[in-house]
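Let me begin by presenting the structure, written as structure tokens, before commenting on it.
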Amino acid sequence: MLHDMYVAIGNAIKETTGATDALLTDGGEHADLASTIAFALAKQKKQAPLKIARDLAEVLAKNQALRGITIEADGPYLNFTFGSAYVSETLREALQPGYGNLPKKSTRVVLEHTSANPNGPLHVGHIRNSIIGDTLARVFRKAGYPLEVQYYVNDMGRQIAIVVWGFDNLDSAQQEGEKEDAHIARVYIEANREIEKDEGITRQVNILMQLVENGDAATVKKFRREVSRCLEGFKVTLKDLNVAHDRFVWESDFIRNGNTERIINKLKRLPQARDDETLALDLSEFGFGNKYVIRRSDGTSVYAARDLAFHAWKGANFDRIIDVLGADHKLIGSQLQCTMKLLGEKVPEIVFFEFVSLPEGSMSTRAGKFVSADDLTTEIRKRAFEEVTVRRPELDEETRRTIARSVGLAAIRYDIVKVSPEKSTVFNWKEALDFERQSGPYIQYAHARACSILEKAGSFSECFELETDQEIALAKMIARFPMVIESVVTELRPHILACYARELADTFNTFYHFEPVLKSEGKIRDRRLTLVKAVQNTLKESLQTLGIDAIHTM
RNA sequence: GGGCCUGUGGCUUAGCCUGGACAUAGCGCCGGGCUUCUAACCCGGAUGCCGGGGGUUCAAAUCCCCCCAGGCCCGCCA
């Protein structure tokens, strides 16, 4: 609905003025939409912006395509305020199940996220990747795209070789109740300590790496076993965060199926190839200072080669490739994009996010310096359970536990997704455990409140004629939802949805405090209940798209 | 040394790509509001040289240049 208005007004301005851009912006408190076209036309028309705006408002007011829209010139600004038809149409749309869904598309999208090395549990830095990725995935599906979500398993890296060395050489039995990924981290940390003491171990690790690349059956089996165990741990962590992957793609498969060898042969033929002892690309003409190494002098491939093979495979099976990667991958990500372009392959779009650190500094799995996602989940559920128990002592324990799980999940996911990805953050227990304003639970609470009103109301006849400023403001906020979904898809910035959901909850809370619903009567009660139903549905869709449970009571 | 990202009230943060009407919100602070639809809430108030300096423009938090501070990256690691 909002999108339709945007197009109609934009076209009318362009037709009337001959401008190529209608310069439409959000009207803020002045209007629903505004245009600054009068400034742009001032020079060519040799007229004051005030006069241009005034004249244009007069002409546009007569345009039949803009019926029902109030058009006013406020100084040099052209203000457009939508009328009652817009508001009632919004309400009708927002009552539909799946409000905000966009038309089905045929572009097949593959989205890769998380892809952490399987050498220890996921920590609060990794899950920023998971939550940005999973939210994007949900938004793409809502926007009508067929989508596959993948986890790229780095199963042949040095870290894994170190883990395997640890299992072969150290006292490495799994402890009572120890989760697989935590167990692997313990062995990995211990093995790294040994490596620092004894350089000879590095040679043994190198041998393991060669054996696995050459396909030595026993070594491959060991690598696979430990990596699989670690992934089992990850799956539990991700499930607790309501994050899901459709497919786990193993890096070593691209050696075994010959794809890496094939892409290396193609790379050799590029004019940028330098095939001396190593095979590398010279990408200096594109602004890259270092060599992009593809194959070692001993003939084995490096990560970059397998990654290129992986992305070529994705390009062959999908129309659009999106990767969510940490800022430490910016250089290699750009080199990958550059090389894919040189090969004539599809170029992946990469969503980068900056690091999460601890107050005492960067996280490090190797040094055992991290806050694991499991610890965060455990702690936040505990806190949420205490909170629910204080607020709803009459509920039985089982119900309180269920609510606490949803509230905890909401707090974690929202706390992470609300921040722009290009901002680096410092993990803060106090903020992560906050269930008040600008939090996931705050939005859940607004939704639960709407549910409660609707439940008490019973049946009512729908009424689409809103009257008061608060009612109309809320309806207009609801109207923005589909365009929010659209902008997340085009900008690949999920925090836009997080901000919107919070603003919608804010607007509803204000409405709630000024406009009685159940205590009003007749048509007023009907139209407010209709509005509450619309906002409840929109909040539900927003929350679910953020991967947060839209619970009915809390 | 080079490249990328960030810098917005005491703290956290939106807006920056696509320049426009008094810069968004929260925490904290001050003052109000629960016998009334769930107070995980609402209302009011104080707090901003939008890191600094130049420039472009009728107009700059937003675009360009320089500088400062912090983070990340620059490996025959992944």
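Just so you know, these numbers use all the heavy atoms, side chains as well, and skip hydrogens, waters and symmetry mates. To find a chain, count down the sequence lines: A is the first, B the second, and so on, and within it residues start at 1.
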Looking at A:R437, does any N or O in its side chain come under 4.0 Å of the phosphate oxygens OP1/OP2 on B:rG26? yes
Under 4.0 Å between any heavy atoms, over every strand shown, what does A:A327 touch: base, sugar-phosphate, or nothing? Just pick one. sugar-phosphate
Sorted by position of nearest nucleotide on RNA chain B, 5' first, the leading residue of A:D74 and A:R306 is A:D74
Is it true that the NZ or CZ of A:R449 lies under 6.0 Å from the centre of A:F508's six-membered ring and within 45 degrees of the ring axis? no
With no angle test and no hydrogens, is the base of B:rC76 tied to the side chain of A:E277 by a donor-acceptor pair under 3.5 Å? yes
So what does A:N206 touch, heavy atoms closer than 4.0 Å: a base, only the sugar-phosphate, or nothing? nothing
Look at the side-chain N and O atoms of A:K456 and state whether any lies under 4.0 Å from the OP1 or OP2 oxygen of B:rU38. yes
A:S452 side chain N/O closer than 4.0 Å to the phosphate oxygens (OP1, OP2) of B:rU38? yes
So does A:E471 get a backbone contact from the side chain of A:T468, meaning a donor-acceptor N/O pair under 3.5 Å? yes
Counting heavy atoms from C-beta on, name the nucleotide in B:rC5, B:rA78, B:rA21 closest to the side chain of A:E354. B:rC5
Honestly, is A:R366 close enough over A:Y188, meaning NZ or CZ under 6.0 Å from the six-membered ring centre and within 45° of the axis? no
Distance check: side-chain N/O of A:Y292 vs OP1/OP2 of B:rC76, anything under 4.0 Å? no
In terms of the nearest nucleotide of RNA chain B, which residue is placed more toward the 5' end: A:N509 or A:D434? A:D434
So, does A:R502 get its side chain near the phosphate of B:rC41, meaning an N or O under 4.0 Å from OP1 or OP2? no
Base partner of B:rC27, which must satisfy Watson-Crick or wobble distances under 3.5 Å: B:rG10
What's the closest nucleotide to the side chain of A:Y442 if the choices are B:rC41, B:rU6, B:rG15? B:rC41
Need one value for A:K418: base, sugar-phosphate or nothing, where a base atom within 4.0 Å counts as base even if backbone is also close, heavy atoms only. nothing
Ignoring the backbone of A:R449, work out which of B:rU38, B:rC27, B:rA78 is nearest its side chain. B:rU38
